[in-house]
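All remarks here apply to the structure that follows.
Every chain is numbered from 1, with letters handed out A, B, ... down the list of sequences. Values below: every heavy atom of this structure, side chains too, minus hydrogens, waters and symmetry copies.
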2 protein chains.
Amino acid sequence: MSKVGIRDVAKLAGVSTGTVSRVLNDHPSVTKDVRARVEGIIKELGYLPDPSARSMRSKVSRLIGIVIPDLTNPFFSELVQSAEQAAANHGYNIIVMTSLDHAAKEADRIKQLTSRKVDGIILVPSNDFHTLKLPKGLPIVVVDRLMPGYSGIAADHRNGVRLGVEHLLKLGHRRIGFISGPGHSVPANDRLRGYLDAIEHAGEQADGSAKMAGPPLIAEAAFDYESGRSAGNYLLARARNERPTAIFASSDQQAIGCMRAAHDLGIPVPAALSIVGFDGIPLASMTTPRLTTVKQPIQDVAAAAVAVLLNKQTAPELDDPILFACEVLEGETTAPPQPD
Amino acid sequence: MSKVGIRDVAKLAGVSTGTVSRVLNDHPSVTKDVRARVEGIIKELGYLPDPSARSMRSKVSRLIGIVIPDLTNPFFSELVQSAEQAAANHGYNIIVMTSLDHAAKEADRIKQLTSRKVDGIILVPSNDFHTLKLPKGLPIVVVDRLMPGYSGIAADHRNGVRLGVEHLLKLGHRRIGFISGPGHSVPANDRLRGYLDAIEHAGEQADGSAKMAGPPLIAEAAFDYESGRSAGNYLLARARNERPTAIFASSDQQAIGCMRAAHDLGIPVPAALSIVGFDGIPLASMTTPRLTTVKQPIQDVAAAAVAVLLNKQTAPELDDPILFACEVLEGETTAPPQPD
DNA sequence: TTGTAAGCGTTATCAG
DNA sequence: CTGATAACGCTTACAA
């Protein structure tokens, strides 16, 4: 009872190996009954095609690679999980690799995937990525951190942030601080523009009712918890009637760091300070109070990326990415502002 | 400039394909200078071996599969990330799959990996796993949720919990509650035994100074946030001089849920209640106050699992798992108890 | 529609 | 130590 091959199946089914192969690959030109008989034998023998042999001949590996900066980041782990589910639905499997945000490692990983003959790569570029050029001829879809010149898929960060800030405006806030992401990051800048969109649009209201008070309050920071905390400290370190009554953070982790900062300064949330995050990671609903946040449609993004690689969906044009809408998830960190 | 193969290298180096192959595989019987020349040509041509062809002949895929219940769980994502790094160091790559704690899906995934001809599987069994039998002949190492009858690697949960509870005992706590994991889970029971070890041992102290007050306070719960919260509510819903002054939770997520419960009940942490979690996920240091927790050595576990699969390390005997020691990470949720 | 047979790019078995 | 050469298990023209 050693390894059963395609010839065993062929012999037992009374057909040729070619026919069995055709059955395996859903080739249209096989009669119904022959197909049925062959499939019967396949099941009976518990035959499993050898992927190596298959891929050697056909140049198709049914493998797709995914390279992300850091699997520890809940946003990326959800992305990978979603991609895995989507790929599995099509008979594909996922090879994960993490670049740890290190361009050299990233380049190495991409090369590995190339030589593995994966059918496509989903890439979330590391932050110092620009130096790298991607191999041509292998379908690559850039996700989340879009890069000019490559077809990409992402959430609509800009509009998502705008929705979040408008949520604060609607509550009556007029001094809204913003914790931005690192300046060189594409999504960080998109998010910043969303904030500016909202502020600007508010300033244009005819009756001036939504006019923003004072200059924009922006603090640049990395996306992580500690950076959010110090950015929060920075924004809140001024007289009560000058400091923001609400802060929009570019990531949930920043927002949580900011909550910590407020807590340390004795500023109650949301009574004296509203906070909104961005991402919608599970953690957001586990804070006290629960964080209000703008949720990215990660599953949609992942599914679309897989679909594009499998040619189930036309790839986005270069420099014209596919964007998916975000959604405000109301928690307990937002409330109307107190009078000064 | 199409695909360069082993024969191109052979021709240019003036040797046979066999020799090139031997160079590629570090076969000892190749003279230094021949090897050098071949390696030179390889670099020059940028030749990359084709993994499919390689694996077809050699039956080695340099691929290892990892099946976990849920990548969204930070514990598992760190496990995967560590395994990926370890594997990459040996020229191996990782195929990830998530079972979503669903036995049928898990069985399917394992079958997929088998037919992929991976060289080994790292498995964290789903919770309703018992029904499944693993394919023989393919090296499988069970991680974290050990199963009798399979060789496994894990953190020493039992002793880790004991350390954590003893930390509370040393602070002076005598009514220590315990939120356990689901009753059918192996690690949950290990953790429970660790708690009982500590309590029991404390009761044996000669001078009786550490004698526990009252019966053990144990609440069973799932490992997640919400369950931790309701378990916390349950344990704390009694008169002040009867309720625990400290709670040990079997997971960080439970612990954080428990913090929330305490907060909602108006019980200050750590002033009136100390809390210790288990796992040491990044999230633990992002709470307010920072959670004291018992950290699992995930990286060690992952590296060992990979090493075993690559035969770099002898596999653990069945029913005699390799265990790695945990460590108490002191945060801000633990303090001496208040007098009643 | 189905059978036949030629490879795909390596590794492994022999000789030499 | 090295060179031929036969597999490895399958896909895919090309014929029938």
Exercise for the section: Apply side chain to side chain donor-acceptor pair (under 3.5 Å) to A:Asn25 and list each qualifying residue two or more places apart in sequence or on a separate chain. Expected result: A:Ser21
Problem - Nearest-Å distance for atom pair CZ/P, residues B:Arg7 and D:dA4 - result: 12 Å
By the definition side chain to side chain contact (heavy atoms under 4.5 Å, CB included), identify the one residue from [options] that meets it with [X].
X	options	answer
A:Tyr47	A:Leu24, A:Leu12, A:Val38	A:Leu24
B:Val306	B:Asn89, B:Ile64, B:Ile66	B:Ile64
B:Val143	B:Leu79, B:Ile298, B:Leu123	B:Leu79
A:Pro139	A:Ile122, A:Leu309, A:Val308	A:Leu309

Handout entry: Heavy-atom donor-acceptor pair, A:Glu84 side chain to B:Met97 backbone, under 3.5 Å
Key = no
Exercise for the section: By nearest nucleotide on DNA chain D, pick out whichever of B:Asp33 and A:Gly5 is the more 5' one. Expected result: B:Asp33
Completion exercise
Result for 5'-nearest mapping on DNA chain D, choosing between B:Thr31 and B:Met56, is B:Thr31
Handout entry: Any side-chain donor near an acceptor of the partner, A:Ser55 and A:Ser61, under 3.5 Å
Key = no
Handout entry: salt bridge (Lys or Arg N to Asp or Glu O under 4.0 Å): pairs with one or both residues in residues 50-71 of chain B, sequence neighbours excluded
Key = A:Lys117-B:Asp50
Practice task
Give me the bend of the helix from C:dT1-D:dA16 to C:dG16-D:dC1, using the axes of the five pairs at each end, rounded to 10°.
Solution key: 30°
Handout entry: For B:Asp156, side chain to side chain contact (heavy atoms under 4.5 Å, CB included) partners two or more places apart
Key = B:Arg158, B:Asn159, B:Leu323
Practice task
Just compare D:dG3, D:dC1, D:dC8 and give me whichever is closest to any side-chain atom of B:Ser29.
Solution key: D:dC1
Exercise for the section: To the nearest 0.5 angstrom, please state how far the OG1 atom of B:Thr98 sits from the CD1 atom of B:Ile68. Expected result: 6.5 Å
Fill in the blank from the handout: Students should find that the nucleotides of DNA chain C closing off the region near chain A, any atom under 4.0 angstrom from a heavy atom, are C:dT1 to C:dG9
Fill in the blank from the handout: Going 5' to 3' through nucleotides 11-16 of chain D and flagging B where a protein heavy-atom sits under 4.0 Å of the base, S where only the sugar-phosphate is that close, and - otherwise, we get BBB---
